[in-house]
K.L.:
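Below you'll find the structure I mean.
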Amino acid sequence: MASTLGVLEALLRNPGAIATKLEVKQLLKALLKRPGAITSASEAKQLHAQILKHNPSSPLYTSTAICVYSNFKLLNQSLLLFKTLQSPPSLAYKSIIKCYAVNGRFVESLASFVDMRASGNTPDHSVFPSVLKACAFLLDLRLGEAVHGCIIRLGMDVHLITGNALINMYAKLQSLAESEKVFETMTTRDIISWNTVIAGNAQNGLHEDALAMVREMGGAGLKPDIFTLSAILPIFAQYVDVDKGREIHGYVIRYGFDKDLYVASSLINMYSRCARVEDSIRVFKITRQRDTISWNSVIAGCVQNGMFDEGLRLFRQMLKDNVIPGSVSFSSIMPACAHLTTLNLGKQLHGYIMRCGFDDNVFISSSLVDMYAKCGHIRTAGWIFGGIKGRDMVSWTAMIMGCALHGYAEDAISLFEQMKLEGIRPNHVAITAILTACSHAGMIDEGRRYFDRMTEEYGIRPGLEHYAAMADLYSRKGKLNDAYQLISTMTTPTGTIWSLLLSACRVHKNVDLAEKVASKIFEVDPENIGARVLLSNIYANDGRWKEAAKVRMTMRNMGIRKNPACSWIEVKNKIHTFIADDKSHPLHDEINIALCELQEKMELAGYVADTSEVLHDVDDEQKKYLLYGHSERRAIAFGIMSTPAGTTIRVIKNIRICVDCHTAIKLISKIVGREIVVRDNSRFHHFRDGECSCGEYW
DNA sequence: ACGCTCCCTG
């Protein structure tokens with residue numbers, strides 16, 4: 001045997017070598033027993049050549065050649081030979097089934113398996129794993145069960161690898177009881193058997209079972225490896241159990257598993273889900289070998305924890321390091337653009353997405369809908385939404401929330417109802433979106449109805465965000481006592497929720513309630529800057545300058561400072577920021593002149609400054625002057641000066657727009673014939689022809 | 001031959 005193979009090697013490695021027909025025949029026979037003797041694709045081709053030369057019509061030799069080609073994953077060569085066979089022998093079938101499977105052609109792999117059965121050939125332990133893998137990939141439980149039946153009849157279910165493949169198939173098809181049963185009946189199990197059943201439990205929500213099996217495997221003399229760890233780390237990520245996660249991290253370090261990409265990505269994800277972004281960045285930084293997935297993990301971690309700039313920085317770094325972004329990279333980074341309202345960057349990424357052919361990805365489309373809506377382009381958002389094939393609840397929610405933020409409550413409601421008609425059950429976020437829509441349009445009855453029925457109809461109990469939306473709904477509408485009652489029914493109302501009511505007290509000038517609400521806030525959240533600023537403004541607004549000053553004093557003593565009010569506008573790819581009374585913009589004087597001209601036209605149109613919103617203890621003339629300095633007006637004036645007539649002006653402001661500015665901008669939109677879109681800290685206002693989309697609720 | 005990680009909506 002050894003000598004025959006030696007001759008064969010000489011033949012194969014030296015294309016010029018000559019052999020007799022008898023020699024070749026013997027060699028091929030030897031090869032039939034040991035196809036693995038062929039060690040490269042070019043040797044495989046030499047073998048094929050010898051067969052063609054000496055005995056092209058032998059099904060046995062052809063099958064051998066197919067088998068050898070298959071071992072090198074050469075599907076096309078295998079297929080060419082396979083098609084020459086009238087009735088392929090077992091070896092040919094087995095080889096072609098495996099070859100299809102390793103090339104990811106699962107449908108064809110299964111079709112060949114069915115052909116093989118139909119032709120009366122008996123499959124064996126060498127094909128079942130591939131066939132089961134194909135069933136798992138194609139989510140074909142019925143065929144998988146049929147294959148299992150076949151395996152049992154042939155007595156192959158004791159075969160280790162076939163058993164492992166069965167466990168995996170049932171786990172992927174969420175047939176956990178079956179998967180467990182196969183595991184139990186196996187006579188020999190290896191670490192793959194354990195890992196497969198552990199991963200199956202972990203991914204299907206049987207977290208405790210998965211963890212119990214990790215403990216049990218020690219009793220079977222097996223130690224958790226990289227597969228075990230990357231399967232169970234997501235459990236701690238989901239439970240936000242950073243202590244257990246850290247324990248695993250320690251184990252990972254002790255066994256030197258921290259060099260593994262999968263383990264590293266799971267650790268990065270675990271830490272960021274537990275809001276420990278610093279730790280996930282640390283793990284990322286010491287991971288030398290990085291792939292798209294580890295980059296995605298750290299980028300998503302930053303974005304989900306509100307570190308948008310860091311996320312963008314890492315995204316750029318990834319591109320610089322020549323790591324090709326995948327669809328997940330884009331759906332991870334897009335929310336950063338949405339939150340930062342960096343429309344231009346969002347558009348650039350959108351272009352990149354289209355060039356990559358990712359624009360039909362539902363995750364990406366949903367993030368684009370959200371990004372465009374949050375950047376003020378609700379029509380573009382709607383256009384993208386309309387083009388999504390296979391919309392899921394997230395896509396609908398993004399669109400509904402977009403409409404809500406822009407004050408288009410009727411559209412939001414009809415979308416919500418349409419979603420339900422399409423058989424999609426809303427989750428808690430979708431309900432938050434519809435409540436927000438009602439809130440921004442002052443639709444008390446509709447909002448109340450959705451709120452009252454959510455538990456009964458959708459099986460979702462009101463959470464903080466739903467109470468917040470309802471408190472906001474009552475507050476915006478001026479139903480301050482209803483809001484107070486509702487919040488009081490909560491077991492543990494947060495400072496944030498009380499703050500919604502507090503800002504309504506400011507709008508509706510209810511000082512007594514404001515004091516009561518403020519004390520509630522300071523009880524649970526003494527550091528709440530926003531609430532103290534609001535309270536001081538409420539006092540000032542009421543002319544109670546002494547109390548206002550006292551609140552400011554307390555803030556100063558506590559060492560807290562409020563963020564200055566500011567507005568910004570993007571013109572020609574550059575963001576221009578305006579802070580109230582700040583004169584640093586290069587066109588400051590020109591902007592002032594433009595504002596004065598506008599002011600005259602506004603006064604001709606009947607505008608009277610509402611100085612009640614100026615919270616400084618100065619005379620009326622000065623108050624009027626202070627109003628001109630409001631940052632959103634300067635941003636708008638600058639936008640009008642620096643863009644062609646008719647261009648929509650888009651301004652973003654970090655705090656609520658004031659009543660006087662709201663009136664002024666309505667007039668400005670009419671005077672200059674422009675659509676002006678202003679986003680404040682809670683929603684969008686579309687000013688057009690003297691009207692605003694908010695209908696005076698904001 | 002069979003097993004593992006990442007992504008969207010408030």
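The chains referred to below are lettered A, B, ... by the order of the sequence lines, with proteins before strands, and numbering in each begins at 1. Just so you know, these numbers use all the heavy atoms, side chains as well, and skip hydrogens, waters and symmetry mates.
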K.L.:
Can you sort out the partners of Arg117(A) under salt bridge (charged side-chain N to carboxylate O under 4.0 Å, His left out), two or more places apart, ordered by chain and number?
P.N.:
none
K.L.:
Write down the distance between CG (Leu500(A)) and C1' (dG10(B)), rounded to a whole number of angstrom.
P.N.:
13 Å
K.L.:
How close or far is atom C1' of dT9(B) from atom CD1 of Ile434(A), stated in whole angstroms?
P.N.:
14 Å
K.L.:
Is there a donor-acceptor contact under 3.5 Å linking the side chains of Thr228(A) and Asp225(A)?
P.N.:
yes
K.L.:
Please tabulate, for side-chain N and O atoms in residues 155-166 of chain A, each donor-acceptor pair with protein atoms closer than 3.5 Å (sequence neighbours left out).
P.N.:
| from | atom 1 | to | atom 2 | distance (Å) |
| --- | --- | --- | --- | --- |
| His159(A) | ND1 | Thr162(A) | N | 3.2 |
| His159(A) | ND1 | Thr162(A) | OG1 | 2.7 |
| Asn164(A) | OD1 | Ser193(A) | OG | 2.7 |
| Asn164(A) | ND2 | Asp190(A) | OD1 | 3.2 |

K.L.:
Find the distance Leu166(A):CG to dA1(B):P and express it as a whole number of Å.
P.N.:
18 Å
K.L.:
Does His428(A) reach a base, just sugar-phosphate, or nothing at all? Heavy atoms under 4.0 Å.
P.N.:
nothing
K.L.:
Does anything in residues 464-472 of chain A come within less than 4.0 Å of DNA chain B? Heavy atoms only, and list the residues if so.
P.N.:
Glu465(A)
K.L.:
What's the CE-P distance between Met393(A) and dG10(B), to the nearest Å?
P.N.:
13 Å
K.L.:
Just how far, in rounded Å, is C1' of dC8(B) from CD1 of Ile400(A)?
P.N.:
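Taking atom C1' of dC8(B) as the reference, CD1 of Ile400(A) is at 15 Å.
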K.L.:
Sugar-phosphate atoms are those with a prime plus P, OP1 and OP2; base atoms are the rest. Using that split, label each nucleotide of nucleotides 2-7 of chain B B, S or - for protein heavy atoms under 4.0 Å, 5' to 3'.
P.N.:
BBBBBB
K.L.:
Sequence neighbours excluded and cut-off under 3.5 Å, please list the side-chain donor-acceptor pairs for residues 328-341 of chain A, or say none.
P.N.:
| from | atom 1 | to | atom 2 | distance (Å) |
| --- | --- | --- | --- | --- |
| Ser329(A) | OG | Asn296(A) | OD1 | 2.7 |
| Ser329(A) | OG | Gly326(A) | N | 2.9 |
| Ser329(A) | OG | Gly326(A) | O | 3.4 |
| Ser331(A) | OG | Ser327(A) | O | 3.3 |
| Ser331(A) | OG | Val328(A) | O | 3.3 |
| Ser332(A) | OG | Val328(A) | O | 2.7 |

K.L.:
What is the distance, rounded to the nearest whole Å, between atom CZ of Phe106(A) and atom C1' of dA1(B)?
P.N.:
13 Å
K.L.:
Expressed as a whole number of angstroms, how long is the span from Ile384(A):CD1 to dT9(B):P?
P.N.:
15 Å
K.L.:
Only counting residues at least two apart or in another chain, list the ones meeting side chain to side chain contact (heavy atoms under 4.5 Å, CB included) with Val394(A).
P.N.:
Ser366(A), Asp392(A)
K.L.:
State whether Lys181(A) and Glu184(A) are salt-bridged, where the test is any N-O pair (Lys NZ or Arg NE/NH1/NH2 against Asp/Glu carboxylate O) under 4.0 Å.
P.N.:
no
K.L.:
Restricting to pairs with a member in residues 126-135 of chain A, which pass side chain to side chain donor-acceptor pair (under 3.5 Å), not counting sequence neighbours?
P.N.:
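Those involving residues 126-135 of chain A are Asp124(A)-Ser126(A).
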K.L.:
So, using ring pair (Phe, Tyr, Trp, His ring centres under 6.0 Å) as the criterion, who are the partners of Tyr450(A) when residues are at least two apart?
P.N.:
Phe416(A)
K.L.:
Tell me the interatomic distance from Asp370(A), atom CG, to dT9(B), atom P, rounded to whole angstroms.
P.N.:
6 Å
K.L.:
With a 3.5 Å cut-off and sequence neighbours excluded, list the donor-acceptor pairs that the side chains of residues 396-409 of chain A form with protein atoms.
P.N.:
| from | atom 1 | to | atom 2 | distance (Å) |
| --- | --- | --- | --- | --- |
| Thr397(A) | OG1 | Met393(A) | O | 2.7 |
| His406(A) | ND1 | His686(A) | NE2 | 2.5 |
| His406(A) | NE2 | Ala373(A) | O | 2.8 |

